[in-house]
Protein chains: 2
Amino acid sequence: MPGHLARRFQQIAVAVFLAEVEAAGFDLTPVQYAALAAIAANPATDQITLAGLIAYDRTTITGVIDRLTQKGLVVRRASARDRRSRELLVTDEGQRTLRAITPAVEAAQRLMVRGLTKTEARELIRLMQKAIAAANDLSRAPLREGAAERQ
Amino acid sequence: MPGHLARRFQQIAVAVFLAEVEAAGFDLTPVQYAALAAIAANPATDQITLAGLIAYDRTTITGVIDRLTQKGLVVRRASARDRRSRELLVTDEGQRTLRAITPAVEAAQRLMVRGLTKTEARELIRLMQKAIAAANDLSRAPLREGAAERQ
DNA sequence: TACTGATGATCAGCATACTGATCAATAAGG
DNA sequence: CCTTATTGATCAGTATGCTGATCATCAGTA
């Protein structure tokens, strides 16, 4: 049952991530980390574009940014060109957090495939990527490449 | 990033499941389906044991059973041996639903790996199983085998 | 310019998951 | 028998994810 395995693997991935990150002294969820890293890599993008970059639903991203803002890691800035959209920026503390948390995040990635050999882990990643790419548009929140690759 | 792929694959798996099941005229979530099937396969088990069989958190299962009960697919029965526990049973309608919904569930399982060959899909399943087995105890809701295999 | 449609963001509502607490009932010990 | 620890179930609170709606704004067209 691929569906059941998908749920279980994700459940373990989240648990491992939270445990490693908390052990390192941080309070960030996997979802918040991914958003923070994506904002750092794409400064001043609006929320919809950000959601596409990490395949989040647009209604989910609102709450995630709320919490990142509350923690002082991200700021929302009104866009000059389009008054509907908010540009997102990582604060200095957000940058520091991102750098400091990286080892814990990497440890979590290794831990969740600790039962596999390096070759097997690479193969699992390849197969998940391939399956996901072929089914990308079947979810409400598909991955949308950056503007550069879009056209 | 295995963690990100895990989240995305699960996201797609849920979307595909809901779409197929709704197209077949049913209103059941993946989680509700798994619980219903597990109760049918293990009649009169208590909620904690059921949670272990499908790796759900004990606090999550309460709400899932609430909703299955509300839909008339499952009944809670007070246990004669232990007045703390509730024995779970599938109703006749639950049995009918389970039979009728099976083709849609199977279609969803195929759809979520439609980008892979049969061999690749089998390999993905094998690798996920292996990774999950080695990390089973890292989540709060580990899989607990049935009484037969437990000792 | 006025209208129409599309878009960015948010909201209410619902279903998973989890943390940690509570409560009743049971089991184990002295 | 009584105390203590454990266990089955539930609850409050929080964080994803989603459906569908709303609101303000923008873009394109008549």
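In the text below, chain A, chain B and the rest are named by the order of the sequence lines, each starting its count at 1. The basis for the numbers below is simple: all heavy atoms, side chains too, and nothing from hydrogens, waters or symmetry mates.
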Subject >> Pairs satisfying ring pair (Phe, Tyr, Trp, His ring centres under 6.0 Å), at least one member in residues 34-68 of chain A, at least two apart >> reply: none

Original post:
Which residue lies toward the 5' end of DNA chain C, A:Arg7 or A:Arg58, if each is placed at its nearest nucleotide?
Top reply: A:Arg58

Subject >> A:Arg67 vs A:Asp82, nearer the 5' end of DNA chain D by closest nucleotide >> reply: A:Arg67

Subject >> For C:dA15, the Watson-Crick or wobble counterpart (both distances under 3.5 Å) >> reply: D:dT16

Original post:
What does A:Ala141 touch in the nucleic acid at a heavy-atom separation under 4.0 angstrom: a base, only the sugar-phosphate, or nothing?
Top reply: sugar-phosphate

**OP:** Scan side-chain atoms only and decide if A:Ser79 and A:Asp82 contain a donor-acceptor pair under the 3.5 Å cut-off.
**Re:** no

Original post:
D:dT7, D:dT16, C:dA15: which one has an atom nearest the side-chain heavy atoms of B:Arg84?
Top reply: D:dT7

Subject >> Earlier contact from the 5' end, DNA chain C, for B:Arg81 and B:Ser139 >> reply: B:Ser139

Subject >> Ion pair A:Arg110/A:Glu20, N-O distance below 4.0 Å >> reply: no

Original post:
In terms of hydrophobic clusters joined by side-chain contacts under 4.5 Å, are B:Val21 and B:Ile12 together?
Top reply: no

**OP:** Name the nucleic acid region contacted by A:Thr59, choosing base, sugar-phosphate or nothing; use a 4.0 angstrom heavy-atom cut-off, strictly under.
**Re:** base

Original post:
Which residue, A:Lys71 or B:Arg8, contacts DNA chain D at a nucleotide closer to its 5' end, judged by nearest heavy atom?
Top reply: A:Lys71

Subject >> Residue-level proximity of residues 28-48 of chain A to DNA chain D when a heavy atom falls under 4.0 Å >> reply: A:Thr29, A:Val31, A:Gln32

Original post:
From the list C:dA17, C:dG20, C:dA9, which nucleotide is the closest neighbour of the side chain of B:Gln10?
Top reply: C:dA17

Original post:
Side chain of A:Thr62: nearest nucleotide among D:dG17, D:dA9, C:dT10?
Top reply: C:dT10

**OP:** Give a yes or no on whether a salt bridge exists between B:Arg96 and B:Glu93, defined as a side-chain N under 4.0 angstrom from a carboxylate O.
**Re:** no

Original post:
Can a donor-acceptor pair under 3.5 Å be found between the side-chain atoms of A:Arg83 and the base atoms of D:dT25?
Top reply: no

